[in-house]
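Order of the sequence lines fixes the chain letters, A, B, ..., with proteins taken first and strands second; residue numbering starts at 1 for each chain. Atom set for the values below is all heavy atoms of this structure, side chains included, hydrogens, waters and symmetry mates excluded.
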Amino acid sequence: MLELLQHSFMQNAFAAAILASIACGIIGVYVVVKKIVFISGGIAHASFGGIGLGYYLGINPMYGLLPFSLLSALALGTVSKKSKIPEDSAIGILWSFGMALGIILVRLTPGYAPNLMTYLFGNILTVPRFDIYMMLGLDLIILGTVYLFYKEFLALCFDEEFTTVQGLPSQKLYLLLLCIIALTIVVMIKVVGIILVIALLTIPAALSRKFTYNLKKMMFLSSLFGGLVSVSGIVFSYLFDLPSGATIILVLCLLYGLVGFGKELLERKGVSFGF
Amino acid sequence: MPEKKVLEMREVWVRYGSQIILEAVNLDLEKPEGLLGIIGPNGGGKTTFLKVLLGLLKPYRGKVKLFGKSPEKSRELVGYVPQYKRFDYDFPISVWEVVLTGRISHAGFLKRYREEDKLAAKKALETVEMLNFKERQIGQLSGGQRQRVLIARALASSPKLLLLDEPDSGLDPHMQEELYHLLGRLKKDMAILMVTHDLSAVSIHVDKIACLNRKLHYHNSKELPIEDLEATYQCPVELIAHGIPHRVLKQHKD
C-alpha cells in the first residue's frame with residue numbers, strides 16, 4: 001500500500017481527491033437541500049463549451065473552463081428564473097447547447113484533441129501539479145464564500161421568498177451560490193469528469209443527511225465521506241486497472257445503498273442514529 | 001406629525017397575462033392594531049393580494065402604500081407568515097435557526113447574529129410558547145407548532161403589520177382555536193391581516209372582515225352583508241356559513 005504513495009502521480013491523485021471532496025462535500029449540501037441537482041448538472045455539462053473553447057484557442061482547457069462555467073451558471077440562473085418557459089426546459093436547452101458548442105469547437109481544432117476523454121470521464125491519475133494548485137486556490141475561494149455568506153445561504157435555501165421579503169438581494173445570492181457550484185464543478189472535473197460530477201456533488205451530501213439535521217455537521221460529514229470514498233476508489237482503480245472516476249462513483253453508490261439499507265434495518269429494530 | 005396609515009390601497013389592479021386577478025381593490029387600515037380577516041374562495045386572488053403588499057408583485061395600475069412608503073421600502077415594519085405547508089420539512093434546520101432568519105436584515109450583511117438578535121428571537125419564541133422546542137429540527141414538530149415557529153420568525157423583527165397566508169388551513173379545531181387566541185393577543189401591538197378560505201376562521205378574535213374574489217368587498221366592520229358573501233362565493237350563503245362556531249354573520253332577513 002505504502003509504495004503507492006511514493007509515485008508522484010499518486011500523491012497528486014490523492015491531493016486532488018481530497019481537495020475535490022472538500023469542495024463537493026460543502027457545496028453538495030446546498031445542492032441537495034435546495035434541490036438544485038438538475039441545474040447543477042446543467043452548469044457542469046454546459047461548461048463543456050469552455051473546454052472546447054480552450055482547445056480551439058490552443059490554451060490550457062482549464063482556462064476556458066473556468067470563465068465558461070461561471071458564465072453558464074449566471075445564464076442558467078437568470079434564464080431559469082426570468083424566462084417564460086418552464087425552468088427545467090430552460091436548463092435542458094442550455095445543458096445541450098454548451099455540450100454541442102464544445103463538440104463543434106473540438107472538431108474545428110486542427111489535429112487530435114488529446115486528453116478530451118479526461119474532461120468527460122475524469123482521470124485522476126494524470127492530474128498535473130499545476131491543476132492541484134488551481135484546485136487549492138478554488139477550494140479556498142469556496143470555503144471563504146461559504147464562511148462569509150453562511151447565514152444568508154441558509155436563509156435562501158430554506159425560504160427564498162421570505163429572504164426577499166426581509167430585504168435581502170435573494171436573486172443575487174442565488175446567482176452567487178450557482179457561481180460557487182460552478183467553481184466546485186471545475187475543481188471536480190479532473191477527478192470524475194463532467195459526466196459524473198453530479199454523483200460526487202449529490203451522493204456524499206445525501207448520505208450525510210441520513211445522520212444529522214445540522215447543516216454544518218452535514219458539510220463536515222459529506223466531505224469526510226467523499227474523501228474516504230475517493231481515496232479508496234483511487235486505490236481500487238489502481239489495483240484493478242479500472243477508470244478512476246467511474247470506480248469512485250460506483251463505490252459511492254454502493255456505500256449509499258448499504259448505509260440506506262442498513263439504517264432502515266436497524267431503525268426497524270429500534271436503534272436510532274444522529275448526532 | 002399625524003401617524004402614518006398602516007395600509008393604503010387605491011384602485012389596485014393586478015393581472016397575469018390577460019387574466020385579471022385583482023380588480024380595483026381599495027383598502028385602508030388606519031391604526032397599527034386589530035385583526036382583519038380576508039375570506040374568499042381558492043383562486044380568488046388572496047395570495048396575489050399578499051404578494052402585492054410584500055412588494056413581490058407590482059400592480060399594473062393603482063397605488064399601494066404601507067406606512068406611507070412603497071411596499072419594498074417598508075419591509076422592516078412588515079412580518080410575513082407564509083403557508084406553512086409549502087416547506088420541505090426534511091430541511092436540516094432547527095427551530096432556533098429558522099427564527100433567527102427573521103433577524104437577518106437587522107444583523108447586517110456578512111455578519112454573524114448579535115446578542116440583541118438572539119434576544120429578539122428568544123422573545124419571539126416565548127411569545128408563541130415554543131422556546132422549549134428551540135433545538136428541534138422543524139420536521140419534528142406538529143402542524144400547529146410549525147405554524148407557531150413561522151409566526152415567531154415574523155415576530156422576531158418586531159413588525160407593526162403582520163400578514164398571514166391561510167394560517168388555519170390543515171390545523172385541527174383545537175389548534176385553530178389556539179392560533180386565534182395567539183393572534184388575539186398579538187393584535188393589541190400590531191395590525192394583523194390574515195387571508196383564509198375557511199369561513200370558520202371568522203371567529204370572535206377577528207375585528208373586521210373583508211371578502212375577496214377578484215374584487216374586495218369591505219365595509220370597515222365585522223358584519224358582512226349576505227350580498228357580499230354571495231357575490232364572493234357565488235353560492236347560497238347557508239352552504240358556506242354552516243357550522244361556524246361563533247356566529248358573527250347577520251341573521252337572514254325574512
Should we say atom CZ of A:Phe97 is surrounded by more than 12 heavy atoms from elsewhere, each under 6.0 Å from it? no
Tell me whether the count of non-hydrogen atoms from other residues, nucleotides or ligands lying under 6.0 Å of NZ in A:Lys81 goes above 12. yes
Of the listed B:Val78, B:Leu54, B:Ile104, B:Ile138, the one with the largest count of heavy-atom pairs under 4.5 Å with chain A is B:Ile104
Considering only heavy atoms, which portion of B:Phe87 lies under 4.5 Å from any heavy atom of chain A: side chain, backbone, both, or neither? side chain
With a 6.0 Å cut-off (strictly less than), is the heavy-atom count around NZ of B:Lys134, excluding the residue itself, greater than 12? yes
For B:Ser94, is it the side chain, the backbone, both or neither that has a heavy atom under 4.5 Å from a heavy atom of chain A? neither
Quick check for you: to the nearest 0.5 Å, what is the distance between A:Lys34 atom NZ and B:Phe91 atom CZ? 8.5 Å
Report, by ascending residue number, the residues of residues 178-185 of chain A in heavy-atom contact with chain B at a distance under 4.5 Å; give 'none' if the set is empty. none
Counting only heavy atoms from other residues, nucleotides and ligands, does the tally under 6.0 Å from CZ of A:Phe220 exceed 12? no
Look at the side chain of A:Arg209 and the backbone N and O of B:Asp90, then say whether any donor-acceptor pair between them is shorter than 3.5 Å. yes
Between B:Glu76, B:Glu72, B:Arg75, B:Lys51, the one whose heavy-atom pairs under 4.5 Å with chain A are most numerous: B:Arg75
Do any N or O atoms from the side chain of A:Lys151 and from the backbone of B:Arg112 form a donor-acceptor pair under 3.5 angstrom? no
Contacts of residues 154-171 of chain A with chain B (heavy atom under 4.5 Å): A:Leu154, A:Ala155, A:Cys157, A:Phe158, A:Asp159, A:Glu161, A:Phe162, A:Thr164, A:Val165, A:Gln166, A:Gly167, A:Leu168, A:Pro169
Kindly say whether B:Phe109 contributes a backbone atom to a donor-acceptor pair with the side chain of A:Glu152 at under 3.5 angstrom? no
For residues A:Asn214 and B:Pro92, report the shortest heavy-atom separation together with the two atoms involved. N-CB, 4.3 Å
So, the part of B:Ile93 with a heavy atom under 4.5 Å from chain A: the answer is both
Test side-chain contact (heavy atoms from CB on, under 4.5 Å) on A:Lys35 and B:Asp88 and set out the steps. CA-CA 10 Å; A:Lys35 296 182 179 158; B:Asp88 165 21; 3.7 Å; yes
Sort B:Arg153 into side chain, backbone, both or neither according to what part of it lies under 4.5 angstrom from a heavy atom of chain A. both
Counting heavy atoms not belonging to A:Tyr133, are there more than 12 under 6.0 Å from its OH? no
